[in-house]
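Contents: one structure, followed by commentary.
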Amino acid sequence: MNLSGNFQPRIKIQSRNLNLWYGDHQALKQIDIDIHQNKITALIGPSGCGKSTFLRCINRMNDLIDHTCVEGQMVIDGKNIYDADVDEVAVRKRVGMVFQHPNPFPKSIYENLIYAPLKHRQVKKGNDCDELVETSLKKAGLWNEVKDKLHTPGTSLSGGQQQRLCIARAIAVKPDVILMDEPTSALDPISTKKIEALMMELKESYTLVVVTHNMQQARRTADFTAYFHLGELVEFNTTEQLFTQPQETLTSDYISGRFG
Amino acid sequence: MFHAEFTQKTGTFKERLVVILLIVASVISIVTTIGILFSILFQAIEFFQLRSFWYFMTGLEWTPGSKDSKFGAVPVFAGTFMITAIALLVAIPVGVGSAIYLSEYAPPRLRSLLKPVLEMLAGVPTVVYGFFAALTIAPAIVHIFEFLNLDAAYNSALACGLVMGVMIIPVVSSLSDDVLRAVPNHQRHASLALGMTQSETIRDIVVPAAIPGIISAALLGFSKAIGETMIVVMAAGLRPNLSWNPLEDMTTVTVRIVDSLVGDQAFNSPETLSAFALGLVLFVITLVLNMVSLKQIRKFKAKYKINTL
Amino acid sequence: MSANPFFDPSLPKRHRSARRFKRFTAASIIMTLAFLFFFLFDMVRTAAPAVWQAYVKVDVTYNEQTLRFTRKAVDKKYSKIVSRAWLRTLPKQVDTEPALMNTTVALWVLADDQVDQYMKGHHHKLKPKEVTTVENMKENGDIELRFNAVFFSQGDSKIPENAGIQAALIGSVLTLIVTMMIAFPIGVMTAVYLEEFAKDNRLTRFIEVNINNLAAVPSILFGLLGLSVFINLFSMPRSSPLVGGMTLALMTLPIIIVSARAALRSVPVSIRQAGYGLGLTKLQIVQDHVLPLALPGILTGSIIGLAQAMGETAPLIIIGMIAFIPDSPESIIEAATVLPAQIYTWAGMPERAYVEKTAAGIIVILLILVALNATAIYLRKKYELKW
């Protein structure tokens with residue numbers, strides 16, 4: 001693939017021949033993709049095209065759905081996460097996820113952030129936690145808004161703040177990869193703008209994979225874009241290339257708004 | 001135009017009549033509640049005109065039928081709470097545990113198999129449990145404790161409490177199961193996506209979220225336990241007994257109510273009227289428990305904006 | 001591919017704790033199931049002997065003297081072997097068949113409960129001499145265990161071998177008819193009012209809270225209501241299916257209301273809107289379109305309410321439905337007993353022979369309840385609304 005810049009890119013995630021079935025229905029067909037470290041990769045396509053399903057393959061959230069069968073490889077840092085010796089719990093610790101609807105726990109902001117790190121024994125109660133809460137919230141750009149009300153329920157925040165809290169919660173576990181499943185589709189334009197700005201900052205430290213319905217968002221934020229259609233990966237390229245010179249008619253039809 | 005107006009008018013007249021009829025039917029539930037309250041209250045007041053209310057609430061001796069009969073209900077309350085406590089010690093952990101297994105772990109097919117079985121347990125008439133407690137469980141307890149060199153009565157509080165506990169398991173598990181299932185899935189996903197195991201997710205996220213509902217279920221079980229009659233009438237003692245030892249026989253509020261009403265005393269004797277005084281206590285306690293329980297459920301529903309429950 | 005970048009040394013411990021928690025929850029449900037099976041097994045085992053009843057073959061003499069002193073109708077050594085209850089029916093037998101007078105016939109007749117218990121290997125109070133008699137009869141084939149038809153054809157009796165559940169069954173049926181005649185219409189009407197017509201005002205909320213509280217009132221308190229209002233205030237006949245049925249109706253009401261409301265709510269709004277679109281009045285829509293669609297759900301809930309009323313005992317004890325009723329009631333104002341109350345009475349009897357009868361009564365009531373619930377589930381499955 002043609003990459004701009006002259007540095008040697010590092011591939012963080014590779015899927016190889018990835019097939020997925022829900023019962024008899026094949027939801028993903030032969031997906032091959034390379035996801036670059038410290039880049040934002042957007043997954044776009046019409047509803048039911050498999051983009052969210054693919055996203056959930058990266059942290060094995062699909063394991064939770066009954067009668068799901070995955071074939072092929074999803075390699076992260078040189079290890080296929082579907083190998084028998086890989087624990088999906090450990091995968092999810094390194095691959096964080098942010099959902100479509102903000103879903104903070106009905107606990108305080110503080111508890112929302114330290115819950116998982118405490119369980120993973122990444123921090124000890126006390127100063128450690130305070131520090132972690134502060135850095136996570138700062139990284140998520142929420143610190144100034146909530147520093148005086150850390151012990152109020154996370155659910156009392158506004159929608160956009162809740163989503164940034166969820167991002168902070170994911171960051172607190174110190175993942176390498178953050179998956180985002182339509183992170184702004186439930187938010188207003190101003191909150192969306194903040195989250196997008198945050199994504200640009202986060203890619204300095206993390207690898208981001210973002211599912212989005214909003215093509216403008218993909219264009220604005222993503223370095224790479226993958227276009228899915230009916231469970232197949234139609235086209236994968238730099239965002240620039242994909243939107244300006246799509247190689248496939250399906251892609252050009254979709255991005256020009258002829259369907260979707 | 002005229003015709004349309006005409007039909008509509010007859011329609012509203014008939015409709016009004018029907019609505020009035022429907023309101024009358026609906027009011028019957030209010031009449032019943034008031035009927036229960038007053039039928040108990042009046043006789044209870046009559047009782048307290050004959051005997052001291054203060055002694056009833058704090059007295060330690062309950063000796064109806066004797067020449068200088070005394071009506072101190074403390075031992076009767078104590079027996080009720082002992083048996084209820086044993087029942088809840090069985091029913092709450094087992095009921096909540098079962099509910100967690102059903103709602104969180106059981107595959108759908110196993111769940112659809114187990115759920116009716118639990119409902120079966122709920123459908124068993126309490127007179128049947130009473131017979132089972134008296135015939136099988138109570139002697140078994142006597143034999144087990146004999147082996148440990150401890151004396152257990154054939155109508156021990158323990159036997160009653162255990163069987164009553166089993167009776168209440170479905171009460172607790174059914175409501176808890178509903179509440180656990182009503183906890184939105186996005187909460188589970190949020191926790192799992194942070195690298196939590198399923199059990200950690202259930203223990204730290206799902207169960208705490210469902211706590212108001214689980215409390216409500218436990219209170220409902222509590223209310224069922226103190227109001228339960230047949231098990232204790234058949235398997236508990238008649239003797240008011242103020243004791244901490246669950247191996248002894250004890251009596252309960254409901255046993256005393258039944259005992260004082262199936263006798264041959266005149267209806268206005270203090271023996272008979274004491275049943276209504278006890279009934280009043282029972283009514284007030286169960287009413288309060290139900291109110292608190294409903295409030296907890298409302299709290300849970302408001303938290304997650306759930307309308308079905 | 002060398003080292004596993006996803007290896008986490010703390011995880012095995014967490015997984016172990018996770019498994020422990022899962023095992024605890026599985027154990028709770030297994031315990032519950034184990035109890036249920038042990039309980040059912042114990043009941044069936046206790047009830048099983050009641051399927052049979054001992055019958056003996058003896059010479060029965062019908063004449064003036066034996067009709068007066070029925071004990072003398074059989075040989076003296078059999079006087080404790082043959083059921084007293086059966087001997088008491090001798091005059092009646094002659095009434096229906098006068099030809100029997102002054103004859104001696106060899107007949108298979110009901111045996112005494114002690115003989116019955118002896119034959120079943122239970123504890124018995126036969127004297128050694130009587131045991132020898134029974135053993136002799138056994139050798140001659142003059143004694144055998146037959147199907148216990150008495151259990152279904154007789155009412156209660158102080159003589160164990162003659163006790164049956166017929167009167168109690170009929171009492172239960174009469175009581176439940178009264179219950180449903182009252183609870184079903186009132187329950188459905190209340191549900192229709194609350195779901196379709198009621199505005200959200202204080203009366204409505206008060207009714208709702210009331211129904212909720214009514215469902216939580218201990219059943220024994222309904223008995224107190226029945227006793228002091230129906231019997232003492234309105235002077236209705238004590239121990240009658242009428243009072244029993246009315247008392248149970250008030251208890252069943254909340255169950256029917258709640259399930260009927262759920263059934264009405266599950267009828268989609270579009271049906272109602274379609275009705276309005278056609279210019280129908282609210283009453284017409286509810287009557288012709290909503291109610292028929294909700295009916296299966298309402299029936300399901302009513303059957304479940306019926307099943308609960310069927311097993312209820314405590315309030316009926318309070319209003320006196322534990323009286324000794326040997327004959328089946330013929331109307332709802334006669335004294336009667338019901339099946340669970342019969343179980344309660346038998347459970348308190350000192351004779352060993354009643355234990356198996358109590359358990360058999362329990363099996364009968366459980367079978368009826370299973371049948372009722374199966375009907376409810378069948379109805380729910382068959383008419384499950386799919387929109």
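Chain identifiers are assigned alphabetically (A, B, ...) following the order of the sequence lines, protein sequences preceding nucleic acid strands; residue numbering begins at 1 within each chain. It should be emphasised that the depicted structure is a prediction, and the values quoted were computed from it without experimental measurement.
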- Neighbourhood of chain A inside residues 11-26 of chain C, taking heavy atoms under 4.5 Å as contact: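 So the qualifying residues are C/L11, C/K13, C/R14, C/H15.
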- Query: Is the number of heavy atoms from other residues, nucleotides or ligands within 6.0 Å of OH (C/Y276) greater than 12?
  - Reply: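 It does: C/Y276 OH has more than 12 such atoms within range.
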- Interatomic distance, A/K79 atom NZ to C/F6 atom CZ [nearest 0.5 angstrom]: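 It comes to 9.0 Å.
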- Task: Calculate, to the nearest 0.5 Å, the distance between atoms CG and CD1 belonging to C/N4 and A/I81 respectively.
- Result: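 Here the interatomic distance stands at 11.5 Å.
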- Message: Can you give me the closest heavy-atom contact between C/P5 and A/D77, atom names plus distance?
- Response: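 Taking every non-hydrogen atom into account, CG-O, 3.9 Å.
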- Portion of A/D85 that has a non-hydrogen atom of chain C nearer than 4.5 angstrom: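 Its backbone and side chain both get close to chain C.
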- Message: Under the rule for side chain to side chain contact (heavy atoms under 4.5 Å, CB included), what residues qualify as partners of A/D223, not counting sequence neighbours?
- Response: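 Side chain to side chain contact (heavy atoms under 4.5 Å, CB included) check on A/D223 returns A/K39, A/I40, A/K203.
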- Query: What pairs with C/L306 under side chain to side chain contact (heavy atoms under 4.5 Å, CB included), at least two apart in sequence or on another chain?
  - Reply: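 By the side chain to side chain contact (heavy atoms under 4.5 Å, CB included) rule, C/L306 matches C/L176, C/M180, C/L372.
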- Do any of residues 112-137 of chain A come closer than 4.5 Å to chain C, heavy atom to heavy atom, and if so which ones, in number order?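 A/K119, A/H120, A/R121, listed by number.
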